[in-house]
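Remember, predicted model here, so these are calculated numbers, not experimental data. Order of the sequence lines fixes the chain letters, A, B, ..., with proteins taken first and strands second; residue numbering starts at 1 for each chain.
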2 protein chains.
Amino acid sequence: MTYALTMIEAEIFRALADPTRRAVFERLAAGEMSVSELRTGMTVSQPAVSQHLAVLRGAGLVVERRAGRNAFYRADPQGLAPLLSWIERYRTFWPERIERLKAVLKDMDQ
Amino acid sequence: MTYALTMIEAEIFRALADPTRRAVFERLAAGEMSVSELRTGMTVSQPAVSQHLAVLRGAGLVVERRAGRNAFYRADPQGLAPLLSWIERYRTFWPERIERLKAVLKDMDQ
DNA sequence: CAAATCAATAAGTGATGACTTATGCTTTGA
DNA sequence: TCAAAGCATAAGTCATCACTTATTGATTTG
């Protein structure tokens, strides 16, 4: 269970480690796009794009929608949740003044 | 300037992509440790540890303190700030959690 | 039906990265 | 002062990864 979470984390970190893949994710965050649309404006080949999409999909960062011979992809920002959780683990080590601010903000939200 | 930030982002993502390096960071988040202390409980060689530390240091994720022949390292959680900023770009898809963190980040930037 | 389009997969290649052992440099302590 | 400890760097090796071209499968269109 903890292991499974760690594995997802690992896939996310690995997926986002590549600059080209981050660029793909960022473009797909702006809106759904077909693979060929995504390819325009990129210097890499179509198979390279497909390969990047497969990695992002495996990490849960993008979702696919098929329509005829087209494949539309969009970013799934909720896929970033495990990454956020990972970062939040270290909030406890952040300076105390930030912790205090956090509490204040949390209070304000309610 | 935006470019510089992007480069730091890239280094952080790359640094955290490796599971061993994440483990090192996590251990150093628990408290300062010398390189040899860090090495105990790890399967890799001492040079490997030093190399990982150099990468983490380059990404701004750990800081070094030298004392005699010892080198003590500790995690710098503020080094994660650019990573949070990156995630924060997708906040429109994350109604509430990120909004709080955004304020925290703003404070950390000072 | 045939040709073209869209996308994934196959297979191979070069670059990058994580490791190793060997070595050097600095500091400590007997 | 000399040996050992602590750590970094050098250099080389092997695995992984991002890319390429070639091909295939599936769908649309002429």
OP1 or OP2 of D:dA18 versus the side-chain N and O atoms of A:Arg14: is any pair under 4.0 Å?
yes
Find out whether B:Met42 and B:Thr20 are in side-chain contact, i.e. whether some heavy atom of one side chain is under 4.5 Å from a heavy atom of the other.
yes
Look only at the side chain of A:Arg74 and the backbone of A:Ala29, and say whether a donor-acceptor pair between them is shorter than 3.5 Å.
no
Scan residues 15-28 of chain B against DNA chain D and write down, sorted by residue number, each residue with any heavy atom closer than 4.0 Å; if none is found, say none.
none
Under a 4.5 Å cut-off applied to non-hydrogen side-chain atoms, are B:Tyr73 and B:Arg65 in contact?
no
Would you be so kind as to tabulate the donor-acceptor pairs closer than 3.5 Å made by side chains of residues 48-56 of chain B, with sequence neighbours excluded?
| from | atom 1 | to | atom 2 | distance (Å) |
| --- | --- | --- | --- | --- |
| B:Ser50 | OG | B:Gln46 | NE2 | 3.2 |
| B:His52 | ND1 | B:Arg21 | NH1 | 3.4 |

So A:Glu9 and A:Leu83, side-chain contact (heavy atoms from CB on, under 4.5 Å) or not? Walk me through it.
CA-CA 6 Å; A:Glu9 262 172 25; A:Leu83 193 57; over 6 Å; no
Euclidean distance, A:Phe72 CZ relative to A:Asn70 CG, rounded to 0.5 Å
4.5 Å
Check this for me: does any side-chain nitrogen of one of B:Arg27 and B:Glu32 sit under 4.0 Å from a carboxylate oxygen of the other?
no
DNA chain D nearest-nucleotide lookup for A:Ala67 and A:Val44: closer to the 5′ end is A:Val44
A:Arg39 CZ to C:dT5 C1', in whole Å, measures 13 Å
Using whole Å, report how far CG of B:Leu56 lies from P of D:dA8.
12 Å
For B:Val44, does its backbone N or O pair with a side-chain atom of B:Arg39 as donor and acceptor, under 3.5 Å?
yes
Using a 4.0 Å heavy-atom cut-off across all strands, classify A:Arg57 as base, sugar-phosphate, or nothing.
nothing
May I ask you to verify if any side-chain N or O of B:Ser45 is less than 4.0 angstrom from the OP1 or OP2 atom of C:dT20?
yes
Are the side chains of B:Leu16 and B:Leu80 in touch, meaning some heavy atoms are under 4.5 Å apart?
yes
Specify the separation, in whole Å, of atom CE of B:Met33 and atom C1' of D:dC7.
16 Å
Which residue, A:Val55 or A:Gly68, contacts DNA chain D at a nucleotide closer to its 5' end, judged by nearest heavy atom?
A:Val55
Using a cutoff of under 3.5 Å, can you pull out all pairs of nitrogen or oxygen atoms linking the protein to nucleotides 7-9 of chain C, with atom names and distances?
| from | atom 1 | to | atom 2 | distance (Å) |
| --- | --- | --- | --- | --- |
| C:dA7 | OP1 | A:Val35 | N | 3.2 |
| C:dA7 | OP1 | A:Ala71 | N | 3.1 |
| C:dA7 | OP1 | A:Ala71 | O | 3.4 |
| C:dA7 | OP2 | A:Ser36 | N | 2.7 |
| C:dA7 | OP2 | A:Ser36 | OG | 2.9 |
| C:dA7 | O3' | A:Arg66 | NH2 | 3.4 |
| C:dA7 | N7 | A:Gln46 | OE1 | 3.4 |
| C:dA8 | OP1 | A:Tyr73 | OH | 2.5 |
| C:dA8 | OP2 | A:Ser50 | OG | 2.5 |
| C:dA8 | N7 | A:Gln46 | NE2 | 2.8 |
| C:dA8 | N6 | A:Gln46 | OE1 | 3.3 |

